[in-house]
Amino acid sequence: MRIDPFTLLLLGAIVLASLFPAEGGFAEVLSTTGTLAVALLFFLHGAALSREQVIAGASHWRLHLVVTSLTFVFFPLVVLPINSLAPAWIPADLGLGFLYLGALPSAVSSSIAYTAMARGNVPAAICSAAASNVFGMMLTPFLLILLVSTSGESNFSVADALRDICLQLLLPFAIGHGLRPWLGGFLARNETLASRYDQCVIWLIVYSAFSHSVASGLWQNLPWSAIVLALVFCVALLALLIFVARLAVKVLGFNLEDEAAIVFCGSKKSLASGLPMAKVLFSGHPGFGMIVLPIMCYNQIQVIVGAILAQRYRRRIDSAQNETAET
């Protein structure tokens with residue numbers, strides 16, 4: 001298996017920020033640029049997303065209910081014990097990062113891509129993943145506030161978070177969606193260009209975030225043992241989500257194609273939405289690098305495991321379809 005080039009670019013951003021962090025006036029320009037880039041990102045997402053994508057497949061309500069429950073109920077609950085380990089086992093900002101990971105919506109592109117690779121229920125995956133991200137812009141901040149208040153975290157401003165989410169995310173998204181009749185065709189014809197812009201924004205956020213954190217003593221305050229624990233927790237979380245998703249499928253009697261959609265949509269977390277939202281929610285936070293570390297680790301692990309699972313589902317579904325055709 002080959003390493004995704006974008007993964008190497010993200011690792012390069014971390015190394016670059018560690019060796020040559022943005023400081024002074026350049027850091028301020030970079031922060032302002034990142035804020036504007038995130039607003040434009042959500043404007044484009046609003047213009048590209050059709051209403052049909054949100055409502056399509058809504059008749060398969062049981063599948064969407066399972067995916068939503070895994071993403072916004074079960075996952076947030078299982079990260080609470082990890083945060084309780086801070087600050088004894090892991091730094092407090094790393095614990096906050098796991099709370100943020102739990103509150104994020106499902107990943108759109110990878111969930112759909114792996115469901116298609118597995119020959120699963122692609123229309124259902126499109127509907128669930130798209131709806132998760134649309135509603136996630138509203139649910140994630142409130143869910144994070146609930147988790148933070150439950151854990152007793154005090155370094156989080158509720159009022160500032162809600163204000164910034166409305167101004168920097170929801171408002172650009174709504175304006176973009178309102179202009180969809182004029183912009184939708186252009187974006188549909190230039191999906192690759194839009195995808196490259198997404199990656200550029202994420203790279204910029206990672207470099208800016210780690211520059212700020214390195215200047216604030218990230219590597220002095222983040223021991224290697226905490227990084228290893230973060231990786232272990234991410235692997236354990238993904239394994240637990242996949243197990244619970246498959247158990248729900250078995251109990252509720254879904255077919256194999258639906259199972260693939262539920263496993264991939266219900267176990268993934270969005271890096272593409274997670275980092276821009278973190279830029280808004282935790283802007284200026286000295287521990288920003290630690291906060292986004294769990295989502296970056298979880299994303300890379302879910303990409304590798306997802307590729308393996310997709311191939312296995314594909315063989316099982318192909319075998320089941322061949323048996324059906326023979327009979």
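Note that the coordinates shown come from a computational prediction; the quantities given were computed from them, not determined experimentally.
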Item to complete: Look at the side-chain heavy atoms of Ile, Leu, Val, Met, Phe, Trp and Tyr, link any pair under 4.5 Å apart, and say whether Leu16 and Phe26 land in one connected group.
Response: yes

Worksheet item: By side chain to side chain contact (heavy atoms under 4.5 Å, CB included), which residues pair with Phe186, not counting sequence neighbours?
Response: Arg189, Asn190

Fill in: Transitive ILVMFWY side-chain link Leu237 to Val232, under 4.5 Å
no

Discussion item. Testing the basics here: between Leu94 and Met290, what is the closest heavy-atom pair and its distance to 0.1 Å?
Written reply: CD1-O, 3.5 Å

Can you give me every donor-acceptor pair (side chain of residues 69-76, partner residue at least two apart or in another chain, under 3.5 Å) with its distance?
{"residue": "Ser69", "atom": "OG", "partner": "Leu65", "partner atom": "O", "Å": "2.7"}
{"residue": "Thr71", "atom": "OG1", "partner": "Val67", "partner atom": "O", "Å": "2.9"}

Worksheet, complete the sentence: Note: Ile301 and Cys234 closest approach over all heavy atoms is CD1-CB, 3.7 Å

Fill in: Flag side-chain contact, heavy atom, 4.5 Å: Tyr207 against Leu30
yes

Worksheet item: Just how far is it from atom CD of Gln302 to atom CD1 of Ile242, taken to the nearest 0.5 Å?
Response: 9.5 Å

Worksheet item: When rounded to the nearest 0.5 angstrom, what distance separates CD1 in Ile262 from CZ in Arg246?
Response: 12.0 Å

Worksheet entry | Closest non-hydrogen atom pair, Trp203 against Ala13 | NE1-CB, 3.4 Å

Fill in: Co-membership, hydrophobic cluster, residues Leu9 and Val15, 4.5 Å side-chain
yes

Fill in: From CA spacing to verdict: side-chain contact (heavy atoms from CB on, under 4.5 Å), Phe43, Leu183
CA-CA 11 Å; Phe43 171 85; Leu183 299 176; 3.6 Å; yes

Practice prompt. Please report the shortest heavy-atom distance between Val78 and Leu241, naming the atom on each side.
Written response: CG2-CD2, 4.5 Å

Item to complete: Could you tell me the separation between the CG atom of Leu309 and the CZ atom of Arg316, rounded to the nearest 0.5 Å?
Response: 10.0 Å

Fill in: Spacing of Leu293 atom CG and Asp93 atom CG [to the nearest 0.5 Å]
11.0 Å

Item to complete: Check for a donor-acceptor pair, side chain of Ser319 on one end and backbone N or O of Arg315 on the other, with a separation under 3.5 Å.
Response: no

Worksheet, complete the sentence: Interatomic distance, CG@Asp258 vs CG@Leu63, rounded to 0.5 Å, equals 5.0 Å

Fill in: Evaluation steps, side-chain contact (heavy atoms from CB on, under 4.5 Å), between Leu80 and Leu99
CA-CA 7 Å; Leu80 278 174; Leu99 292 182; 3.8 Å; yes

Worksheet item: Which residue pairs satisfy the ring pair (Phe, Tyr, Trp, His ring centres under 6.0 Å) criterion with at least one member in residues 228-250, sequence neighbours excluded?
Response: Phe98-Phe233

Discussion item. Ignoring hydrogens, what is the shortest heavy-atom contact between Ala22 and Ala27? Give both atom names and the distance.
Written reply: O-CB, 3.5 Å

Fill in: Over all atoms of both residues, closest heavy-atom pair of Ser106 and Cys265
OG-O, 2.7 Å

Worksheet item: Taking atom CG of Leu256 and atom CD1 of Ile317, what is their separation to the nearest 0.5 Å?
Response: 4.5 Å

Worksheet item: So, Lys269 side chain and Gly102 main chain: donor-acceptor pair closer than 3.5 Å or not?
Response: yes

Worksheet item: Should Trp182 and Leu40 be regarded as members of a common hydrophobic cluster, given that ILVMFWY residues are connected when their side-chain heavy atoms come within less than 4.5 Å of each other, either directly or indirectly?
Response: yes

Worksheet item: Quick one: does Glu259's side chain get under 4.5 Å of Asn255's, heavy atoms only?
Response: no

Worksheet item: So if you build clusters from Ile, Leu, Val, Met, Phe, Trp, Tyr with side-chain heavy-atom gaps below 4.5 Å, do Leu171 and Leu36 land together?
Response: no

Item to complete: Let me see the working for Val66 and Phe254 under side-chain contact (heavy atoms from CB on, under 4.5 Å), right down to the final yes or no.
Response: CA-CA 11 Å; Val66 172; Phe254 289 99; 4.1 Å; yes

Worksheet item: How are the rings of Tyr313 and Phe264 set relative to one another: parallel (under 30°), tilted (30 to 60°) or perpendicular (over 60°)?
Response: perpendicular

